[in-house]
Structures are given as C-alpha cells and as structure tokens.
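Since this is a predicted model, take the numbers as computed values, not measurements. Any value given below was found using the heavy atoms of this structure, including those in side chains, with hydrogens, waters and symmetry copies removed. Both ligands and their constituent atoms are indexed starting at 1 by order of listing.
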Amino acid sequence: MAKQNAVITGWGFYAPSKVLTNFDLEKIVDTTDQWITERTGIKERRIASDGENTSSMSTRAAKIALERARLRPSEVELIIVGTCSPDYLFPATACLVQDALGAEKAGAFDVEAACTSFVAALAIANGMILGGAVRNAVVIGAETLSRLLDWTDRGTCVVFGDGAGAVVLEASNASVGIESTVLHSDGSKGELLYVAAGATRIPATRETVEKGQHFIRMQGGEVFKLAVKSMADAADEALVDAGLTLEDIVLMVPHQANLRIIEGVAKRLRFPMEKVFVNLQRYGNTSAASIPIALAEAAEQGRLRRGDKVLLVAFGGGFTWGAAVLEWYGVPIPDRREKSIVERASRQLEDLVDRVRPV
Ligand code: UT7
C-alpha cells in the first residue's frame, strides 16, 4: 500500500456572538482602549454566554469542519480537544463532543498544553494516522477562558477571549500532508502563567475562592520575553525537519497572543508580516483555539490554496511551545464518495443475495 499522509480536509470555527470591546472594558477595570490597542493589538474579544461552554463551542466548530470534509459523525475515528478550560476536570471535553456529535465509533480525549494544545493535538492525531491506528481525526482547540478570569485584574482580563476551532485530519494518498511537528516544554517556568487552585494539589475551598486562586495569574512581561524566542526557534526547527525554508512558506498562522509578539517573531525570522495571518484584533487571545480559528478564517478568506506550505507556531503556559509545517490540501478526498457508493452497492447486492437464497 502507498504511504499515507495526513491532510486537512475540513475546517471550521465558532466564536460566541457576545462581543466585549476595549471600551466595554474601560467600564470594568482601570484601562483604556488606547493602552490595550497599543500593547496588544486587540480591539475586541468574544465571551461565551451562559449556556455556552468549551464542549458546545467545540461541537459547533467540529460540525462545520465535518460538513466541509463531507465526513459523517459515524465515520469519525478519533476526537481530540486541546484546551486548558475544559467543561470538567473529567470526563474529558472530547467525550462530551463525541456524544453531541453522535460519533459512536470515535475514541476521544483531551490534550492540555495551554496555548500550545492545538499544535500538540495535531501532532498526536498526525502520528496516529501515520501509524495506521486511525484513518481520521477531528482535532479541536477550544477555550472558555472568560470563566477563569479575574475581572478585576487588568493584566489578564483584557487579553483573553473565548471560542473554538476544529480541523478534520484524514489519511490520504496525497504525496504531502503534515510535514513536521515539533513540541517543547520547560516546566520550571510554570508559575509565570497558571491557575493555582481547584484541582488536586490545592483543592477548591472557601479560602482558595476568597483569595481568587481559581483565576488565571500571569506575569505578562516575562511570558512576552520567552514567547518571541521560543516561537521563532520552534518555527526554524519545524522547517528544518520538513526540509523547507521560510521562503517556501505561503502563510504563517501563529498563536494570536499579542500583535507585538507576532511582529517580534516575524522580525526575528525575517519573515514578511504580509504573509502572517492575524485576527487577534477581533478575538483576543483564545489560547488553544487561536490557531484553528485563524486557520479556518484564513481558508474562508481564500488565503490558502492546495499545495500552499503553511507554518503553525504556538507557545503558552507550562511553559510549552511548538510548531507544525503542513501542505494545505483543503477539499475532501475525491475517491471517498465513490468508495462509499461502491460499498453501499455491494451491501445492497449482499442483501439481495440473502433474500433470494433458498431457505
Ligand atoms: O497566550 C500565551 C500567554 N500569554 C501571553 O502571550 C501574554 C504575553 N504578555 C503580554 O501580552 C503583555 O505582557 C501584556 C499585554 C499582558 C502586558 O503588556 P506589557 O507591555 O508587558 O505591560 P506590563 O505588564 O509591563 O505593564 C506596564 C504598565 C504597568 O504600569 P506601571 O507599573 O508601568 O505603572 C501596568 O500596571 O502597564 C500597566 N498595565 C495596564 N495599564 C492599562 C497593565 N495592564 C494594563 C491595562 N491597562 N490593561
């Protein structure tokens, strides 16, 4: 059998309809639209409504991606949700998505590498497809960070937003698919960006809640310094692994943390900003969701064509960072429908034979 590659055949995203602008934030904390715009590039972000959560947003994004891929939920073999704001500690958010989609055959689990979660989930799904364990996977990045924010902390509440993005990854005879993935971590820097309480080391108590230990705490400046170098290094490494150079890259889709960080990475790599996709002005930093949302928007805007080399690059709490290089495929595998027609016809034939067989 010819070597199979994993290609993206579907993509979709969901952003809650509730918009929180910088001007809205001026009424909540001591900040200004000017400060937020100059320091981050963010103008507004989306906030999940009461009935929305990480699994419901994931499901909406996944449904769009599956429709694009023309893959039925019953055909899905694996669902991975990358998130650091799951519905529950357990069950996994991916299991809730599996149920909501009716993907009765699919394995499902979550991956937690903070803002790097989507790239990590993509690396795992790619490995499982290349290894022959599954033929397809729905890979999701989704967050409801608004529920983990201290809305009196101007250093964090102006930065983050909610949303979900998904891709369908499938085994294909295409000569190129995901070309490389790299993942790194430095756990010694975990306390620069973390949620202290509410899990098992410091379980939730009245005291932890009163101290606000269930909220995201971040040393933004320190995170910033590490981000630029680690993203640029990961991009270089992923390109070397793929046997490519930056000149081959048609579009870079970086984690949408801060416009100054993205510009810093582009400058360090000497990569033109015109080839960098940026949408953080409208969604803020949606952590694990930012790359799949950006990738889906880029595709919807016609910025990706079959054969384009794409570079994804992320960093986040943990510390974690990573990158992936892929060749954009973009439309469903042409022979699938024919295959299913042949399969259906042969089933009908078997039924017919059973019926006419003498008892
Ligand atoms: O997704 C991965 C993880 N997170 C990130 O990527 C975030 C990375 N970091 C950042 O994006 C930036 O560090 C922030 C946007 C969070 C902060 O920007 P900064 O330029 O690093 O500001 P700073 O924390 O160094 O603070 C500078 C000043 C301080 O005032 P003083 O001490 O100089 O008087 C802050 O108190 O700005 C003040 N400040 C604000 N002022 C108005 C901090 N937040 C705000 C605010 N509005 N929202």
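Between the side chain of Arg46 and the backbone N or O of Tyr283, no donor-acceptor pair lies under 3.5 Å. Formation of a donor-acceptor pair under 3.5 Å by the Arg154 side chain with backbone atoms of Val29 is not found in this model. For the pair Arg45 (side chain) and Val158 (backbone), a donor-acceptor distance under 3.5 Å is present. Under a 3.5 Å cut-off, the side chain of Glu191 and the backbone N or O of Lys189 do not form any donor-acceptor pair. Asp162 places a side-chain N or O within 3.5 Å of a backbone atom of Leu145 that can act as its donor or acceptor partner.
Legend: residues meeting side chain to side chain donor-acceptor pair (under 3.5 Å) with Arg217, ordered by chain and number and at least two apart, are Asp150.
Ligand-side atoms of ligand 1 in range of Arg260: 18 (O), 19 (P), 20 (O), range being under 4.0 angstrom from any heavy atom. Which parts of ligand 1 touch Gly221 is read off a 4.0 Å heavy-atom cut-off, strictly below it: atoms 13 (O), 21 (O). Here is the list of ligand 1 atoms found below 4.0 Å of a heavy atom in Val158: 48 (N). Taking a cut-off of under 4.0 Å to the non-hydrogen atoms of Met218, the atoms of ligand 1 that pass are 4 (N), 7 (C), 16 (C). Near Phe315, meaning under 4.0 Å from any of its heavy atoms, are these atoms of ligand 1: 2 (C), 6 (O). Per-residue contacts place Arg39 under 4.0 angstrom from the following atoms of ligand 1 (heavy atoms of the residue considered): 19 (P), 20 (O), 22 (O), 27 (C). Residue His255 approaches ligand 1 through these ligand atoms, each under 4.0 Å from one of its heavy atoms: 1 (O), 2 (C).
If you look at Leu193 next to ligand 1, the close heavy atoms, those under 4.0 Å, all belong to the side chain. When non-hydrogen atoms are compared, ligand 1 lies under 4.0 Å from the backbone of Thr31 as well as from its side chain.
For the residue pair Thr144 / Thr54, a side-chain donor-acceptor distance below 3.5 Å is found, with atom types taken as modelled. A donor atom on one side chain and an acceptor atom on the other are not found under 3.5 Å apart for Asp233 and Ser230. Judged by distance alone, the side chains of Glu170 and Tyr329 never bring a donor and an acceptor atom under 3.5 Å apart. Side chain to side chain, Gln256 and Asn285 fail the donor-acceptor criterion of an N or O pair below 3.5 Å. For the 3.5 Å distance criterion, the side chains of Thr286 and Glu143 fail to qualify, holding no donor opposite an acceptor.
Protein heavy atoms come within 4.0 Å of atom 43 (C) of ligand 1. Contact annotation for atom 25 (O) of ligand 1: protein absent (non-hydrogen atoms, distance under 4.0 Å). Within 4.0 Å of atom 6 (O) of ligand 1, at least one protein heavy atom is present. Protein non-hydrogen atoms do not reach within 4.0 Å of atom 29 (C) of ligand 1. For atom 39 (N) of ligand 1, the nearest protein heavy atom is under 4.0 Å away.
The nearest heavy-atom contact from the protein to atom 36 (O) of ligand 1 is Arg154 NH2, 2.9 Å. Looking only at protein heavy atoms, the nearest one to atom 17 (C) of ligand 1 is Trp35 CH2, 3.8 Å. The protein non-hydrogen atom at the shortest distance from atom 1 (O) of ligand 1 is Asn285 ND2, 2.6 Å.
The shortest separation from a heavy atom of Gly155 to ligand 1 is under 4.0 Å, placing the residue in contact. Under the 4.0 angstrom criterion for non-hydrogen atoms, Ile261 is in contact with ligand 1. Between Cys115 and ligand 1 there is a heavy-atom distance shorter than 4.0 Å.
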With a cut-off of 3.5 Å and sequence neighbours excluded, list every side-chain donor-acceptor pair involving residues 97-108.
{"unit_1": "Gln98", "atom_1": "NE2", "unit_2": "Ala103", "atom_2": "O", "d": "3.0"}

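When Ile42, Leu226, Asp30, Asn258 are ranked by how near their heavy atoms come to atom 12 (C) of ligand 1, first place goes to Asn258. If you check each of Ala288, Ala257, Gly220 against atom 8 (C) of ligand 1, the one with the closest non-hydrogen atom is Gly220. Taking only non-hydrogen atoms, the option from Asp153, Thr40, Val223 nearest to atom 15 (C) of ligand 1 is Thr40.
Within 6.0 Å of NZ in Lys309 there are more than 12 heavy atoms belonging to other residues, nucleotides or ligands.
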Exercise for review: Test Asn22 against Glu44 for side-chain hydrogen bond (donor to acceptor under 3.5 Å, both in side chains), laying out the working first.
Suggested key: CA-CA 6 Å; Asn22 292 349; Glu44 58 186 43; over 6 Å; no
